[in-house]
Amino acid sequence: MARKKIALIGAGMIGGTLAHLAAKKELGDIVLFDIAEGMPQGKALDLSQCGPVEGFDAKITGTNDYADIAGADVVIVTAGVPRKPGMSRDDLLGINLKVMKAVGEGLKQHAPNAFVICITNPLDAMVWALREFSGLPAHMVVGMAGVLDSARFATFLAEEFKVSVRDVNAFVLGGHGDTMVPVTSYTTVSGIPVDDLVKMGRSSKEAIDAIVKRTRGGGGEIVALLKTGSAYYAPATSAIAMAEAYLNDQKRILPCAVEVNGKYGLDGLYVGVPVVIGAGGAEEVIEISLDDEQKRNLDVSVEAVRELLVACKQIDPSLG
Ligand code: A3D
């Protein structure tokens with residue numbers, strides 16, 4: 001069987017980390033694309049030279065030419081600019097929307113059959129714009145945010161309960177912004193709901209509320225510490241989990257930003273919900289029941305995404 005082809009659009013901090021992880025896992029041959037001349041070629045050469053030490057077989061190349069992504073099975077998009085301290089994800093909108101237009105046209109022409117995972121912020125608006133610009137089917141264009149947000153939630157909960165992160169199954173819904181909705185009633189430690197663990201006296205409502213707040217601001221906490229950019233190890237790891245679910249037809253239920261039609265009362269909006277990821281791409285949106293407070297929180301998050309789409313349409317009327 002021929003090796004799969006993974007194209008990474010944007011060879012910056014996340015792009016380079018994605019290439020390293022994909023190579024170590026031998027997901028396929030890797031093409032790093034960037035507009036910066038020499039940089040993707042240099043990173044590809046450096047990463048290729050990990051092969052003999054790590055013992056992986058993957059051809060890694062760098063390019064500034066979209067023609068080289070032809071035939072890609074998976075495309076992961078990180079092209080654009082990241083946040084600096086004091087910036088919100090939404091501050092990136094104007095610059096990154098133009099980048100999505102260029103990337104969308106590249107995908108339309110050279111990789112129309114790929115499963116596309118967008119990471120560029122502000123995530124929910126950029127993945128929507130990327131789908132619009134590329135014209136690819138909606139079930140093949142998804143956004144990575146929920147896997148990362150859930151991983152952040154799980155990390156903090158494992159610390160609070162003093163248990164292995166492996167036993168925490170965390171659940172986050174909504175847009176990838178400060179209005180995201182970590183859902184404690186569906187978050188469990190070895191099957192025990194967090195709300196029950198609080199009742200059992202293993203934590204307090206105040207401590208869990210503080211963890212929910214920290215999760216919502218989890219990206220900003222790292223931006224403030226790094227000062228030069230945003231998180232990249234965990235975002236890359238999260239996107240690779242989604243790529244593996246597609247390539248290996250794992251049918252994993254992962255929280256991803258997908259176009260939701262009908263479920264959750266939504267009509268074609270891209271927002272973070274649990275989705276079955278398999279060989280068919282985003283195969284099915286899972287609709288869970290929410291209590292009134294959770295519904296209200298999701299509505300706030302959805303409204304924040306809608307406002308971003310209005311701003312996108314003002315900047316680029318072709319998105320009409
Ligand atoms: P960075 O290291 O700056 O890499 C971005 C790369 O994109 C740079 O190498 C640029 O040269 C390149 N680029 C710019 N314009 C284009 C273009 N038109 N075509 C191709 N390449 C281009 O950033 P990063 O890797 O740290 O972050 C990338 C994006 O991911 C940013 O928008 C971040 O805000 C976002 N991000 C999202 C999450 C989510 O959870 C959704 C988490 C962390 C970062």
Side-chain angles (χ1 to χ4, degrees), residues 7-21 31-44 62-66 68-69 75-85 87-107 110 117-130 133-134 142-153 172 174-178 180 215-223 225-242 254-257 270-272 305 308:
L8 306 172
I9 310 296
M13 300 308 288
I14 303 180
T17 312
L18 284 168
H20 196 192
L21 289 171
V31 180
L32 271 163
F33 172 96
D34 204 288
I35 47 163
E37 281 177 26
M39 188 270 272
Q41 292 85 348
K43 281 202 181 183
T63 184
N64 308 111
D65 184 353
Y66 270 108
D68 292 327
I69 72 164
V75 177
I76 307 180
V77 179
T78 60
V81 289
R83 282 195 283 172
K84 300 265 163 50
M87 287 173 95
S88 79
R89 293 179 180 90
D90 302 355
D91 293 336
L92 307 172
L93 190 85
I95 304 171
N96 286 350
L97 188 62
K98 285 197 191 82
V99 175
M100 289 307 103
K101 191 166 197 166
V103 176
E105 281 158 11
L107 295 181
H110 299 285
I117 302 168
C118 180
I119 308 186
T120 302
N121 270 321
L123 190 271
D124 306 275
M126 292 303 99
V127 63
W128 168 80
L130 186 62
F133 290 132
S134 67
V142 303
M144 187 297 295
V147 177
L148 172 65
D149 296 330
S150 304
R152 288 181 171 148
F153 195 24
V172 176
H176 179 61
D178 303 340
M180 71 179 79
T215 302
R216 286 185 164 147
E221 184 178 357
I222 293 174
V223 170
L225 290 165
L226 293 180
K227 296 182 184 69
T228 51
S230 52
Y232 48 98
Y233 294 115
T237 306
S238 303
I240 290 291
M242 292 166 65
L254 296 172
C256 308
Y270 263 88
V271 74
V305 176
L308 283 180

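Counting starts at 1 for both ligands and their atoms, following the listed order. Numbers for residues simply follow the sequence, beginning at 1.
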Tell me, which protein residue and heavy-atom name are nearest [atom], and how many Å apart are they?
atom: atom 23 (O) of ligand 1; answer: Pro82 CG, 3.5 Å
atom: atom 19 (N) of ligand 1; answer: Ile35 CG2, 3.6 Å
atom: atom 35 (C) of ligand 1; answer: Ile119 O, 3.5 Å
atom: atom 18 (N) of ligand 1; answer: Val99 CG1, 3.5 Å
atom: atom 28 (C) of ligand 1; answer: Thr78 O, 3.1 Å
atom: atom 9 (O) of ligand 1; answer: Asp34 OD2, 2.7 Å
atom: atom 39 (C) of ligand 1; answer: His176 NE2, 3.3 Å
atom: atom 2 (O) of ligand 1; answer: Met13 N, 2.8 Å

- Message: Consider side chain to side chain contact (heavy atoms under 4.5 Å, CB included). Of Leu8, Leu18, Thr63, which one does Leu32 pass it with?
- Response: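 The residue from Leu8, Leu18, Thr63 that satisfies side chain to side chain contact (heavy atoms under 4.5 Å, CB included) with Leu32 turns out to be Leu8.
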Which atom pair, heavy atoms only, marks the closest approach of [X] to [Y]?
X: Ile69; Y: Gly106; result: CD1-O, 4.4 Å
X: Leu123; Y: Cys118; result: CD2-O, 3.3 Å
X: Val223; Y: Lys84; result: CG1-C, 3.5 Å
X: Pro235; Y: Ile119; result: O-CD1, 4.3 Å

- Quick one: which of Ala79, Gly12, Gly146 has a heavy atom closest to atom 22 (C) of ligand 1?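 Ranked by closest heavy atom to atom 22 (C) of ligand 1, first place is Ala79.
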- Of the choices Gly80, Gly15, Gly16, which has the non-hydrogen atom that lies closest to atom 14 (C) of ligand 1?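 Considering heavy atoms of Gly80, Gly15, Gly16, the nearest to atom 14 (C) of ligand 1 sits in Gly80.
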Side-chain contact test, heavy atoms from C-beta onward, threshold under 4.5 Å: evaluate it for [X] versus [Y] and give yes or no.
X: Ile9; Y: Tyr66; value: yes
X: Pro122; Y: Leu92; value: yes
X: Val75; Y: Leu107; value: yes
X: Leu93; Y: Met126; value: yes

Would a distance-only check, ignoring hydrogens and angles, find a side-chain to backbone donor-acceptor pair under 3.5 Å from [X] to [Y]?
X: Lys43; Y: Gly12; value: yes
X: Asp34; Y: Ala11; value: yes
X: Ser230; Y: Pro82; value: no

Atoms of ligand 1 close to [X] [distance to a heavy atom under 4.0 angstrom, numbered from 1]:
X: Asn96; value: 32 (O)
X: Asn121; value: 32 (O), 33 (C), 34 (O), 35 (C), 36 (N), 37 (C), 38 (C), 41 (C)
X: Leu123; value: 41 (C)
X: Met144; value: 39 (C), 40 (O), 41 (C)
X: Leu92; value: 34 (O)
X: Ala231; value: 43 (C), 44 (C)

- At what distance, to the nearest 0.5 angstrom, does OH of Tyr233 lie from CG of Leu148?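 CG of Leu148 is found 15.0 Å from OH of Tyr233.
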Applying a heavy-atom cut-off of 4.0 Å, say which part of [X] lies close to ligand 1: side chain, backbone, both or neither.
X: Lys98; answer: neither
X: Ile14; answer: both
X: Pro235; answer: side chain
X: Val81; answer: backbone

- Message: Any nitrogen or oxygen of Thr120, side chain or backbone, less than 3.5 Å from one on ligand 1?
- Response: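 Between Thr120 and ligand 1, no N or O pair is found under 3.5 Å apart.
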- Task: Kindly confirm or rule out an N or O of Tyr232 lying under 3.5 angstrom from an N or O of ligand 1.
- Result: no
Heavy atom of [X] under 4.0 Å from ligand 1?
X: Met39; result: yes
X: Gly229; result: no
X: Ser230; result: yes

- Please list, chain by chain and in numerical order, all residues satisfying side chain to side chain donor-acceptor pair (under 3.5 Å) with Arg89, sequence neighbours excluded.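 Expected list: His176.
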- Task: List the steps and the verdict of side chain to side chain contact (heavy atoms under 4.5 Å, CB included) for Ile222 and Tyr232.
- Result: CA-CA 10 Å; Ile222 293 174; Tyr232 48 98; over 6 Å; no
